[in-house]
Asks: 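Before anything else, here's the structure in question.
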Amino acid sequence: MRNLRNIGYSVSKFDVGNLTLTASTWDTTNDALICAFGPSETNAFIELLRVDFKGKPEGVQSNIAAWDAPCPHPELECDKILCLQYFAETSTVCLVLAGGDIVVVREEPLPGQDLVEIVGSVDVGIRAAAWSPDEELLAICTQAGTFLSMSRDFEGIADIKFSPDDIKASNHVSVGWGKKETQFQGKRAKALRDPTVPEHVDEGLPSEYDDSDVSISWRGDGAFVAVNSIENGKRRMIRVYSREGVLDSVSEPVDYLEGTLSWRPAGNLIAGIQRLEEQIKVVFFERNGLRHGEFSLRQSPKDATDWRGPITLKWNSDSSVLAVCFRGGVQLWTMGNYHYYLKQEIRRTGDQTVRPVQVQWHPERPLKLVIEESKCTHNLEYAFNVVDSTILPPNDHGTVVVIDGNTAKLTPLRFANIPPPMSLHEAVAELPIIDAAINSSARTLVLLHRDGLGVYDYDPEAKPILPPRLSMIFKPWSDPVAVPLQVVVGPDDSIFILFYDPNERSNSLYRIEGDERQKFALPPEYGSIMQITVDVTHQLTFVQSGAGHVLRVAAGGPEEYSTLTRLPRLCPWIEIVLSDEQSIVFGLANNGCLYANERLLVRNCTSFAATSDYLIFTTTQHLLKFVHMASVDELEVPSDAPETDERCRSIERGARIVTVIPSAFSLVLQMPRGNLETIFPRALVLAAIRQSIDKLDYKTAFLACRSQRVDMNIIHDHDAAKFMSHIPEFVSQVKKKEHIDLFLSQLRGEDVSQTIYKDTAKRKRNGILAAADNTEDSQAVSNVGSESKVNRICNAFLSVFEKLGIKHLQNIITANVCKDPPDLEGGLSVVSKLEEKSPDLAEKAAEHICFLADVNKLYEHSLGMYDLELTLLIAQQSQKDPREYLPYMQSLQEMPDLRRKFTIDNDLGRRSKALAHIYELDVFDEFKAFTQKHALYTPALDLYKYQPDRLNSLTRLYADYLNGESRAKEAGLAFEFLSDYESACTAYATAGCWREALSSALLADLPVSNLIELAHNLADTLTEAKDYHAAGEIYRDHLSDVDTAAKMFCKGSHFSDAIRLVALAGRKELLTEIVDPGLVEASASTTELLAEMKGQLQAQIPRLRDLRRKKAEDPLAFFEGVTGGGGGGDIPDDISLAPSALSTSGGTFMTRYTNRSSGSGTMNTATTRKTSKNRRREERKRARGKKGSVYEEEYLVGSFARLIERVDGMREEVGRLREGLFRRGMRERAGAVERAMLEVVGICRDAVGEVFEVVKGEGVVDGEGGMENEMGERPAGADGVFWDSREERNKRVVPVVKEFERLSLV
């Protein structure tokens, strides 16, 4: 779909007397052309000139050398330059002459070196010569039929004699596919002839125009070279040699094959010329010598004389264009989808009776070339360009014009996505087309050729679409030597033509508007016009100068220009977007740099397009990106994240943008092989949907969501408040009941405008660009009441449908069913009401609701509504057997109303409702039985709360039930509510509620012996539970056992209570018998425990320091790898190790432990840790925290945290002990306990910051060799255990060490 558009044209004329230009070559380092003139039959003189194009388009000429070159070969009338090569690194020119001399010309000779030197000679003469692409080998064919290969120093590598036996090098086998003799021709023809025997076998006969020349062509990588020569004057043969001079293959015989040869640099095809009686073909060979395709050259009868001479071929450096050189000029051919297009034909301006013109492609700029004539060179540069119509709706038809000779192939891609080389229509011009353009309404096509313009009318919106119709032909310029280059259609259908003026030696612009003609050029300070274009809306015309200036062409006249911007360099592809705030010129340079005015956006762009909302471009990473339009400084290029960003998506390798159709939110891409692919990028689709919603065009937004499979929640979520206030407009626009149902059925609670369809565009707020955010608006709407989003929308639709009446009956049912949870009863009630008014509508409504919801649930809900007619209607829509539901419904029909409701609710499992119906029936025995059966005690108690007798009866049943369910405390409460204190006492005792049990026992007037036994049992139970204070209270209050009570208080370290009890009892002797021994025992155990804690701290904290030091010094060794030899202290602990000799074999410091392969991201089957068995084993390792394992640090930190909790729990107990010791005169023991406690608390306080430090960057490791899996989630198996370990460490809360206050008296 791309055409070749001229972006540079100049002519370099030479004043060299009677010499003619015979050869040229490029000096890519200095962007210069080396030209050789002579020798000729009348003047055996050679002159070398350098043409430097850096200064002027036509170049600055300077002389290199000139010398006499008499021909040393007696059979030649004059010498001839066969090969001219420039070596930039040595500034030398090498000439290979037909007489046999190899001449080196040094531009900067060193002392002792000659300017011109003959470095070698072939006595028998030379037929052809060519340097390899790497300039290291010279291939020569001599007059004696030998092939020579020389090095850069002209030392012989190979010397091979051509032999007729060379044909045996390739044994070609033709299977006959696609040939005439293999096609079906009828039974008789098949019976008479063997189809495997061809009717005609080529013998390789030479053409009558064959000049017996030999040609040499190298493959692009220099590994092979092809030689085309005539063998014994009878057959043309292409021999392929390797770089070492070994014969690789020979071509199959092809009749009338001529001497030209050009090997495609890509290496897959060798091109040659086959001249038949009626046509001339370019034929292709593979390296093995077999034919591989062909195409015919286009020639008219009046140009027959131009094609009678020799024809030469030459591929450009990137294999995209084939130049066919003949006597009348040059044709440029490209290939797409295995079809060859004639893109340009450059006619010769000089004498056509001399030799054919020659082409020299630039080795580094693929579409730059020089065409050689006798006294001048035409310097041209092209760019692949797409001719398409405007992208401004509603005229964005996506019409694309493809030039193929004198035919323009037209396809409006919006209506007919026809792949090339086919097209919907064709427009034929008189001569080969140079350029084409389409006007702003996409209804006028202009074709430019060398003799004028053709204007065609074309309406892609007509039905049917008619072919383009020629409406006008004219030649606006009068200069016969002017060279037209480009054409555009500007505002008001004015036509602008860019052409080269040989008289002024610069480009000029020609403007045609009606009968008015204007010719003008740029002011001198800007230089020459290199390109003309229009903005994306086709409303204004712009030109670009060679220096990158972009200027607007005003309507007033040739002198009115206004500079828009200056791009950093000349950009062959530009798009101009005009806005009220700023005009932006997007330019793509040949090196892949994409500019916005003077700002560089990206360096890896391959193609781009611009609309009023987006800049769209492709990258060398095969990504399609969208940039929201803003001011130049605020353009935001998305990152390479096609998984998460709607502005970026992956495309096929090498795809290029053809055109964009905003109204159809589609983008057309062309693949490298030539086929088209139309995609609907999410960014374009969502942008169109959002614009439609903003305009309240809900129908367009809905249809776009429906056709592009976009979640329809965006219609509401994009602007929730506006949508809720315009639901009537939505209903009136969408109209179709099915479409409204589709919208309602897709509603869900998620706000898609903040999740999957988050708007990446930036909106202006208070003059400042900020990311679009509808969160506040959507939250404001969602916070109205307690309704969910789905229910709120459904209720709003229901209120609209109610006003519209029966017309939207189907939608009313859908709105009820689509609620969350579904309001099936609401939908069924609609059906129930219809049964009375219109049975037919009710049946349709029942059918619809059964389609939307589970019919079994509908059956249950309709039954639960106690509407038997509705239930029967729903049952008839289901697959239920009438023998099942009809008898059941008949039995229900015969029951009284309350009994029927009870039966239905009981059968449906609605026990509470069924219980209420029994209550209304006033059958208390049945009520109690039903309550016990289904454990409905709470609702039963609520129903009888005002009937004390029945309430007590139910409460006793409930208390017995609680006892049986081991809920003793609640049972005790129930029994106590009934004043059954004996039962309550038993229940409380079982529950361990000693206070409640003893109080109930006292209220029950139990015997004293039973009370004492109960008190002893409760005290023993509390002692076993180490609740010594409660046990002491029982011994003191209920058993009057002062001795045992004092012992219990001392065991619980409640020494104040023990001393008070002894004092109240008046038994001072117990102070020395019970209290003092208790104090001594408690102080000893407490001091021992604190000493153990201190020892634990003194052992674990240094070990933790050592572990962290080792991890910092050598992470590999710490995570069970090998020692990093030489210390490894330079490896930081906050990064993954880069691949090296060590890390390649052993992995990063995380993969060493996890056994994960650091190269591929997958794991060896033999060493996988992702199994449940390994996970359990890893969990045990983690729990043990074995010394030396990776879990030891986590274990030590956890142990320290638990120790702090124990110390904090002892604080009050130690305080009571210290006070008790001091009260009993044991000051030294009190001081010892206090010092031990303070020492432990001090160690914990000092170490807590060190133990719980979080090393920066040592969180969850990801990336190569990290712990995350490919999705960034928690890994499975043993890896997950290690993940949890590190996650838990990062989330651990630092404990607070509480102070232990000193006692000043100690």
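The figures here come from the full heavy-atom set of this structure, side chains too, leaving out hydrogens, waters and symmetry mates.
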Asks: Could you tell me whether Arg956 and Asp960 make a salt bridge, using a distance below 4.0 angstrom between a side-chain N and a carboxylate O?
Replies: no
Asks: For residues Thr955 and Tyr944, determine if any side-chain heavy atom of one lies less than 4.5 Å from a side-chain heavy atom of the other.
Replies: no
Asks: Is any side-chain N of the basic residue among Arg967 and Glu965 closer than 4.0 Å to the acidic one's carboxylate O?
Replies: no
Asks: Report, one line per pair, each donor and acceptor closer than 3.5 Å where one atom sits in a side chain of residues 993-1010; sequence neighbours left out.
Replies:
from: Ser999; atom 1: OG; to: Arg995; atom 2: O; distance (Å): 3.1
from: Ser999; atom 1: OG; to: Glu996; atom 2: O; distance (Å): 2.9
from: Ser1000; atom 1: OG; to: Glu996; atom 2: O; distance (Å): 2.9

Asks: Let's go through Ile874 and Leu863 carefully: what are the C-alpha distance in whole Å and the side-chain angles of both, what is the deciding distance for side-chain contact (heavy atoms from CB on, under 4.5 Å) to 0.1 Å, and is it a yes or a no?
Replies: CA-CA 10 Å; Ile874 296 299; Leu863 193 61; over 6 Å; no
Asks: Between Asp1076 and Arg1229, does any NZ, NE, NH1 or NH2 come within less than 4.0 Å of an OD or OE carboxylate oxygen?
Replies: no
Asks: Mark yes when over 12 heavy atoms from residues, nucleotides or ligands other than Glu1069 sit less than 6.0 Å from its CD; otherwise mark no.
Replies: yes
Asks: Answer yes or no: are there more than 12 heavy-atom neighbours, outside Glu750 itself, under 6.0 Å from its atom CD?
Replies: yes
Asks: Are any non-hydrogen side-chain atoms of Tyr988 and Glu976 less than 4.5 angstrom apart?
Replies: yes
Asks: Would you say Ser832's side chain and Leu828's backbone share a donor-acceptor pair under 3.5 angstrom?
Replies: no
Asks: Taking everything shown except Gln932 itself, do over 12 heavy atoms lie less than 6.0 Å from its CD?
Replies: yes
Asks: Within the 4.5 Å heavy-atom criterion, are Leu824 and Glu860 side-chain neighbours or not?
Replies: no
Asks: Can we say Lys789 and Asp751 salt-bridge, meaning some charged N sits less than 4.0 Å from an Asp/Glu carboxylate O?
Replies: no
Asks: For Arg910, what residues pass the side-chain contact (heavy atoms from CB on, under 4.5 Å) criterion, not counting sequence neighbours?
Replies: Glu825, Tyr866, Asp905, Leu908, Lys913
Asks: Is there a side-chain contact between Arg1036 and Phe1049, using heavy atoms and a 4.5 Å cut-off?
Replies: yes
Asks: So that I can tick it off, tell me whether Lys945 and Asp942 are bridged by a salt bridge, with the cut-off set at under 4.0 angstrom between side-chain N and carboxylate O.
Replies: no
Asks: Less than 4.5 Å apart, side chain to side chain, heavy atoms only: is that true for Met1048 and His1054?
Replies: no
Asks: So, is the end of the Arg950 side chain (NZ or CZ) under 6.0 Å from the ring centre of Phe924 and within 45° of the ring's axis?
Replies: yes
Asks: Can Lys1051 and Glu1081 be counted as an ion pair, charged N to O under 4.0 angstrom?
Replies: no
Asks: Could you tell me if the side chain of Lys969 sits less than 4.5 Å from the side chain of Leu962, heavy atoms only?
Replies: no
Asks: With the side chain counted from C-beta on, respond yes when Tyr946 and Leu951 share a heavy-atom pair under 4.5 Å apart, and no when they do not.
Replies: no
Asks: Can you name the one residue among Leu1203, Val1251, Ile1204 that meets side chain to side chain contact (heavy atoms under 4.5 Å, CB included) with Pro1295?
Replies: Ile1204
Asks: So which atom in Ala1046 and which in Val1062 form the shortest heavy-atom distance, rounded to 0.1 Å?
Replies: CB-CG2, 4.4 Å
Asks: Please indicate whether Lys819 has more than 12 foreign heavy atoms, meaning atoms of other residues, nucleotides or ligands, lying under 6.0 Å from its NZ.
Replies: yes
Asks: With heavy-atom distances below 4.5 Å as the criterion, would you say the side chains of Thr871 and Met865 are in contact?
Replies: no
